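Computed from a predicted model, the values in this text were never measured in an experiment.
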Amino acid sequence: MFDSLQAWLSTFLFDWLAVVITLLIQAVVVILPVMLAVAWLTFAERKVIGYMQLRMGPNRVGPKGWLQPIADALKLMFKEIVRPTESNFYLFVVAPILTIAPAVAAWAVIPFDENGVVVADINAGVLYVLAVTSIIVYGVIISGWASNSKYAFLGAMRASAQKISYEIAMGFALVTVLMVAGSMNLTEIVEGQKGSLLHWYWLPLLPMFAVYFISGLAETNRAPFDVAEGESEIVAGFHVEYSGMAFAVFFLAEYAMMILISFMTAVMFLGGWLSPFEGIPGLEPMFAWVPGFIWLFAKVAVLLFLFLWFRATFPRYRYDQIMRLGWKVLIPVTIVWVFAVGVMEYAQLGLWFD
Amino acid sequence: MTFLQFIFYLLAAIAVIAGLKMISVKNPVQAALWLVLAFISTAGIWLIAQAEFLGLALILVYVGAVMVLFLFVVMMLDINVAQFKEGFTRYLPLGVLTAAAIFALMYLVLGPQRFGLEQVTPPKSLAEAESNTLALAIPLYTEHVYAFILAAVLLLVGIVAAITLTLRRRPNTEVLYQDIDQQIKTRAEDRFEMVKMPPTVEQPLPEKEKEE
């Protein structure tokens, strides 16, 4: 669809302009729904946690509170952005941008449905996501340093150390997926899980599924790994000094990353857009009419609910125990499992290597 | 100019400017950040050259890990910039001379008479479906497997050496250590005991006090 659009545009425009316009349209088509999802994810979070704590949650703006995210956005937009004294102005402004840009850029390679419904179907898709999301840590560090505030600095140090520690476990978990799938292309990874519920990679890589999701929680600084925020000790972590829209951008990035991690987990371990009833006689034809992206979104929704559920359930980890969990538990488990997958691959064990 | 060329010149310009800024900027934190920008734009150029694995690995390893650690160190240092710049003019002639000499040497070795467009055949471009990672991995794990494993072992030795150099246990009289396994295994019964106690019933005040 976009190829024909580009071809049509280049009949009366410069070639490069046609490419740029097509790319922009593609970007908007992906980013706009993601941002809307972020807005209503904040609403869902408040509602879900509210009900878990026997409260109502927001219910004043619009029918049943559904317009709450719009009210929040308006409020944040009209708030003043306070610039701390002696702060580094350029870096102070660049930090939120550096946080949101990678969180949005990573969406370029996420496939939404079969037949290549993806902005950029590149060979090194998994590596691209890993590389781009690793840039987010700069937003955290720079915001903490440029704010010229001790709380922000401490928060930035904690958050960035945590992020780069858990990135290793995450990377190893992805390595096992690559070993089983034999490809770094996300579409091919999903295609490799075709067959049935038992062909999905969550089963051969069950420990990696857990490791990836836990690392994802830590990467996004969500509870129970939210020491970067640590209201009781360092106020709000690296973004203490940000207000108004600058603060909201950090928030958008965090939630966009949550959705991204859920998408990656669904694509790599839960069969992406494949139907869970595949290969089951009776149920498979009954649900054959459901388009693939619905299944993908349903899986993502479940994973996002887990994010919110964890936040309502678990108390915050102590900082040294976060580091211990990352370095002494998750990383050894992943390394062992890399070898285990190697053996499984060599022995052609199970359903996954035919 | 095609779109690809435009992107190439844009990234090249950013890389050069970032490199210059990195060595000219006063604040070390900002210098590190300019270096990060140079890395990212270089990774972009590698992507254009169809070396997507190298480009992404550059971002993942250097930008995502190495430079973060650099920044950590630089941020925590308390550097006096004025002191840092002392004697700049005094050493300037020598510095310029050294820089010129190094540039001349590099020009002689890497100059156009050795690596010019006439000397080097253009690399054959890969088919779109061909995986760069696979093309890199197969020779690495077949032809060069011993060198590859040797390099890995060398890195491992480096890690072990660095950790043993910094690892020191001080006696418990100086520092208290935590036994985390024990902490995790703790149960409520180990820490407190429920004791049955008779309730203390408040006695009615004696008559005498009431009168007062």
Side-chain angles (χ1 to χ4, degrees), chain A residues 6 10 14-20 22-23 88 90-91 94-95 98 102 109 120-138 140-142 144-146 153 156-157 160-161 163-165 167-168 171 174 178 182-185 188 318 320-321 323-325 328-329, chain B residues 1-7 10 25 27-30 32-34 36-37 39-40 43-44 47 50-76 126-137 163 177-181 183-184:
Chain A
Q6 189 181 328
S10 56
F14 297 115
D15 269 355
W16 62 270
L17 199 62
V19 173
V20 168
T22 322
L23 283 178
N88 190 313
Y90 290 108
L91 290 182
V94 159
L98 263 184
V109 296
D121 196 11
I122 62 172
N123 280 327
V126 174
L127 199 63
Y128 171 85
V129 172
L130 211 59
V132 167
T133 50
S134 74
I135 300 178
I136 290 184
V137 71
Y138 282 96
V140 174
I141 298 184
I142 292 172
W145 186 76
F153 189 65
M157 285 286 153
S160 46
K163 269 180 205 246
I164 53 176
S165 307
E167 223 157 62
I168 300 169
L174 293 185
L178 305 186
S183 169
M184 290 213 283
N185 182 308
E188 279 174 35
R318 213 171 65 197
D320 61 320
Q321 299 210 346
M323 283 304 179
R324 178 179 167 276
L325 180 71
K328 293 188 177 171
V329 179
Chain B
M1 192 160 67
T2 63
F3 186 60
L4 212 57
Q5 277 175 320
F6 172 73
I7 296 284
L10 187 73
V25 108
N27 193 319
V29 173
Q30 284 173 7
L33 291 173
W34 281 113
V36 169
L37 184 59
F39 275 145
I40 292 177
L47 285 181
Q50 290 195 322
E52 78 253 10
F53 181 81
L54 284 181
L56 292 173
L58 178 73
I59 292 184
L60 190 62
V61 176
Y62 281 90
V63 176
V66 174
M67 285 313 292
V68 175
L69 297 179
F70 253 79
L71 263 180
F72 262 38
V73 176
V74 168
M75 271 180 182
M76 307 244 226
L126 293 166
E128 203 174 309
E130 207 167 325
S131 170
N132 190 281
T133 318
L134 205 66
L136 209 65
I163 292 173
Y177 287 99
Q178 297 180 4
D179 189 346
I180 294 187
D181 287 328
Q183 286 178 3
I184 289 172

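Side chain of A:Tyr128 to main chain of B:Glu52: no donor-acceptor pair is present (N/O by atom type, distance under 3.5 Å, no hydrogens or angles).
With a 4.5 Å cut-off on non-hydrogen atoms, B:Leu4 does not touch chain A at all. Of the two parts of A:Ala156, neither the backbone nor the side chain holds a non-hydrogen atom closer than 4.5 Å to a non-hydrogen atom of chain B. With a 4.5 angstrom heavy-atom cutoff, A:Asn185 does not touch chain B via any of its atoms. Within the 4.5 angstrom heavy-atom criterion, only side-chain atoms of A:Leu91, from C-beta onward, approach chain B. For chain A, the nearby part of B:Val36 is the side chain; its heavy atoms alone come within less than 4.5 Å. Contacts of A:Leu127 with chain B are made by both backbone and side-chain atoms, with heavy-atom separations under 4.5 Å.
The shortest distance between side-chain heavy atoms of A:Tyr90 and B:Gln30 does not fall below 4.5 Å. Residues B:Leu69 and A:Ile164 meet the side-chain proximity criterion, which asks for heavy atoms closer than 4.5 Å. At a threshold of 4.5 Å between non-hydrogen side-chain atoms, the residues A:Ile141 and B:Phe72 count as touching.
With sequence neighbours left out, the salt bridge (charged side-chain N to carboxylate O under 4.0 Å, His left out) criterion links B:Asp179 to no other residue.
Annotation: maximal heavy-atom pairing with chain A below 4.5 Å, among B:Ile7, B:Leu56, B:Ile59, occurs at B:Leu56.
Annotation for B:Gly64 and A:Ser134: closest pair CA-OG, 3.7 Å, computed over non-hydrogen atoms. Summarising the geometry of A:Tyr138 relative to B:Tyr62, their closest heavy-atom pair is OH-O, 4.5 Å, with the distance given to 0.1 Å.
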Please evaluate residues B:Leu33 and A:Val94 with respect to the criterion side chain to side chain contact (heavy atoms under 4.5 Å, CB included), reporting the C-alpha separation (whole Å), side-chain torsions for both, the decisive distance (0.1 Å), and the verdict. CA-CA 11 Å; B:Leu33 291 173; A:Val94 159; over 6 Å; no
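Expressed to the nearest 0.5 Å, how far CE of B:Met75 lies from CD1 of A:Ile142 amounts to 7.0 Å. Atom CE of A:Met184 is separated from atom CG of B:Leu134 by 9.5 Å, given to the nearest 0.5 angstrom.
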